[in-house]
Amino acid sequence: MRLSQYFLPLLRENPSEAQIVSHRLMLRAGMIRQSSAGIYSWLPLGLRVLKRVEAIVREEQDRSGAQEILMPTLQPAELWRESGRYDDYGKEMLRITDRHEREMLYGPTNEEQVTAIVRDAIKSYRDLPKNLYHIQWKFRDEVRPRFGVMRGREFLMKDAYSFDLDAAGAKRAYNKMFFAYLRTFARMGLRAIPMRAETGPIGGDLSHEFIILAETGESEVFCERAWLETDILAEEVDYDADLEPRFRHWTRHYAATGDVHDPAKCPVPADRLVTARGIEVGQIFYFGTKYSRPMGAVVAGPGGEEIALEMGSYGVGVSRLVAALIEANHDDNGIIWPESVAPFRLGLINLRPADAKCREAADTLYARLAGAGVSVLYDDREESPGAKFAAMDLIGLPDQVIIGPRGVAAGTVELKRRRTGERQDLPVDALVARMTAEFPS
RNA sequence: CGGGGCGUGGCGCAGUCUGGUAGCGCACCUGCUUUGGGAGCAGGAUGUCGGAGGUUCGAAUCCUCUCGCCCCGACCA
């Protein structure tokens with residue numbers, strides 16, 4: 001993509017309303033624009049990141065055996081009356097009346113919707129277990145949206161729902177999601193710590209929140225220091241195996257959200273306990289028959305008996321993750337994208353577009369890289385060098401390739417790593433070879 | 001929902017107290033010069049001062065109502 005043609009409205013100054021670094025950088029880097037309180041448009045650069053985050057979430061859900069569906073944003077109030085939550089949910093639920101005076105709502109979550117689907121379609125224990133997920137926009141009419149897309153009213157969320165015959169099966173489903181989440185966040189380079197959490201309005205008795213430690217986090221959390229020294233999960237997970245031993249291993253260190261943590265009962269001595277703030281990027285719940293019973297989601301068991309489905313739900317804040325990634329990956333100059341979610345693999349800077357040799361060298365390299373399947377953002381604008389460097393650092397692509405008169409004369413280009421600032425001059429062929437090897441299409 | 005703050009050109013702000021016909025920096029347009037870390041000079045364009053009503057000869061400025069946004073707290077799969 002040529003930057004001269006790209007819609008990338010950068011801001012040189014911090015918008016006054018943005019208080020935390022991810023919000024400031026998302027606005028300055030032209031990723032998002034606010035529409036109204038807690039509601040945002042995603043511009044090309046931001047949407048690219050959102051899609052890449054979504055893709056990783058999807059791949060890991062699929063890998064774990066969950067199946068993707070897509071449920072609507074608008075739901076009938078009737079469904080929520082069945083579970084009893086229509087009145088309980090309060091003003092956070094956006095209620096809408098259609099032209100026929102039917103009560104509708106913009107879904108803040110989808111337990112009722114998915115339970116109704118499964119209830120109507122699955123009648124036998126033979127059809128279990130099932131885990132269905134979708135990635136869909138949600139709306140929660142927060143009293144006070146803030147921090148950009150970190151706590152918006154409208155947000156993109158992956159929510160999965162598991163259906164099992166008994167509690168043991170539900171725990172197996174829970175464990176699968178537990179590891180799918182560890183892998184999902186690890187692939188983004190995030191250390192997300194699973195912490196014991198309250199179940200809140202979802203109900204139930206087992207829940208973990210996946211928390212990224214950050215000063216700008218909204219909630220206070222507590223964990224054993226060992227968590228900070230543990231490598232994030234990188235290895236494969238066999239989802240057909242019994243994951244319980246591995247689950248115990250990965251929960252052996254104490255970690256709890258502020259709601260659950262009780263200093264008097266904490267098993268970890270103070271010198272090994274870390275008190276920090278955290279960003280919740282995912283939460284998993286086991287809640288048994290809380291929805292299946294009132295909604296009549298039952299199957300016939302082996303003996304013909306009626307069995308209420310054992311359920312769990314599993315959420316990942318996809319749009320929030322984009323902000324969380326920035327909170328975890330930035331410096332004074334801007335964003336530093338992990339390669340797995342970067343909007344482009346590298347930025348190609350032509351320092352002298354007016355110079356015929358530089359232009360030819362840059363155009364040629366751009367064509368070669370694009371032809372090799374490397375995603376490149378090519379800054380071919382007439383701007384001063386400093387402005388180009390600043391813009392490229394701000395948007396945070398993992399690598400920068402700089403073409404200027406010096407290198408062109410010597411037959412080299414300069415490669416700069418955004419994260420380390422490390423620079424080296426390379427022959428063009430070597431650069432192309434390295435890029436295609438590091439990031440094969 | 002309690003408390004506080006802010007709405008003036010795309011962004012950041014001054015001007016409001018003390019009413020007199022809107023200004024600065026950046027960004028934008030044109031030209032020339034520049035070109036390895038947000039260039040310089042010259043010229044230019046851009047505003048229903050959030051909205052409505054009122055007071056006044058005259059309102060960004062005073063009064064009333066209203067809308068929106070932000071911050072702290074409470075709230076929060």
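What you see below is based on every heavy atom in this structure, not just the backbone, and it leaves out hydrogens, waters and symmetry mates. Just so we're on the same page: letters track the sequence lines, and every chain starts at 1.
Below the 3.5 angstrom threshold, one finds a donor paired with an acceptor across the side chain of A/Glu414 and the base of B/G36. At a cut-off of 3.5 angstrom, counting only N and O atoms as typed in the model, there is no donor on one side facing an acceptor on the other between the side-chain of A/Arg24 and the base of B/G12. Side chain A/Lys416 to base B/G36: no donor-acceptor pair is found below 3.5 Å. For B/G12, the base has no donor-acceptor partner in the side chain of A/Arg28 [N/O atoms by modelled type, under 3.5 angstrom]. For A/Asn14 against B/G12, a side-chain-to-base donor-acceptor contact under 3.5 Å is absent.
Remark: A/Arg406 does not engage A/Asp425 in a salt bridge, criterion side-chain N to carboxylate O under 4.0 Å. Comment: A/Glu59 engages A/Arg187 in a salt bridge, judged by a side-chain N to carboxylate O separation of less than 4.0 angstrom. The pair A/Arg119-A/Glu82 meets the salt-bridge criterion, with a side-chain N (NZ, NE, NH1 or NH2) lying under 4.0 Å from an Asp/Glu carboxylate O.
Contact annotation for A/Glu209: no contact, since no heavy-atom pair falls under 4.0 Å across all strands. Counting any heavy atom pair closer than 4.0 Å across all strands shown, A/Ser219 reaches no nucleic acid atom.
Listed pair A/Arg144 / B/C71 meets the phosphate criterion, a side-chain N or O lying under 4.0 Å from OP1 or OP2. One finds no side-chain N or O of A/Ser384 lying less than 4.0 angstrom from the OP1 or OP2 phosphate oxygen of B/G37. Put simply, A/Gln34 has no side-chain N or O that comes within less than 4.0 Å of OP1 or OP2 on B/G68. Phosphate contact (OP1/OP2 of B/G38, side-chain N/O of A/Arg12, threshold under 4.0 Å): absent.
Ring centers of A/Phe344 and A/Tyr6: under 6.0 Å apart, within the cut-off. Aromatic rings from A/Phe178 and A/Trp250 are positioned such that their centres are separated by 6.0 Å or more.
In this structure, CZ of A/Phe389 is placed 11 Å from P of B/A39, rounded to the nearest angstrom. To the nearest angstrom, P of B/C69 lies 7 Å from CZ of A/Arg153. Counting to the nearest Å, the P atom of B/G37 and the NZ atom of A/Lys388 are 13 Å from each other. Look at CZ on A/Arg418: it is 16 Å from P on B/G37, rounded to the nearest Å. Going from atom CG of A/Asn350 over to atom C1' of B/G36 covers 12 Å, rounded to whole Å. Atom CZ in A/Arg359 sits roughly 18 Å away from atom P in B/U35 (whole-Å rounding). The interatomic distance linking A/Arg381 (CZ) with B/A39 (P) rounds to 11 Å, in whole Å. We find that CD of A/Glu13 is positioned 8 Å from P of B/C13, with the value rounded to whole Å.
Taking the C1' atoms as reference points, B/C1 lies 8 Å from B/A74, given to the whole Å. Comparing the P positions of B/U33 and B/C71 gives an interatomic distance of 48 Å, to the nearest angstrom. Between the C1' atoms of B/C17 and B/A60, the separation comes to 14 Å (whole Å). Going from the P atom of B/C6 to that of B/G12 covers 16 Å, rounded to whole Å.
The side chain of A/Ser36 lies closest to B/C69 when the candidates are B/G38, B/C69, B/C28. Here the nucleotide nearest the side chain of A/Arg146, chosen from B/C1, B/G36, B/G73, is B/G73. Considering only the side chain of A/Ser16, B/G12 comes nearest among B/G36, B/G12, B/C70. Among the nucleotides B/G37, B/G36, B/C71, the one closest to the side chain of A/Phe147 is B/C71.
In this structure, A/Met177 CE and A/Arg172 CZ are separated by 14.5 Å, a value rounded to the nearest 0.5 Å.
Each of A/Tyr161 and A/Val143 was assigned the nucleotide of RNA chain B with the nearest heavy atom; the assignment lying further toward the 5' end belongs to A/Val143. Nearest-nucleotide mapping onto RNA chain B: of A/Arg151 and A/Gly407, the residue sitting toward the 5' end is A/Gly407.
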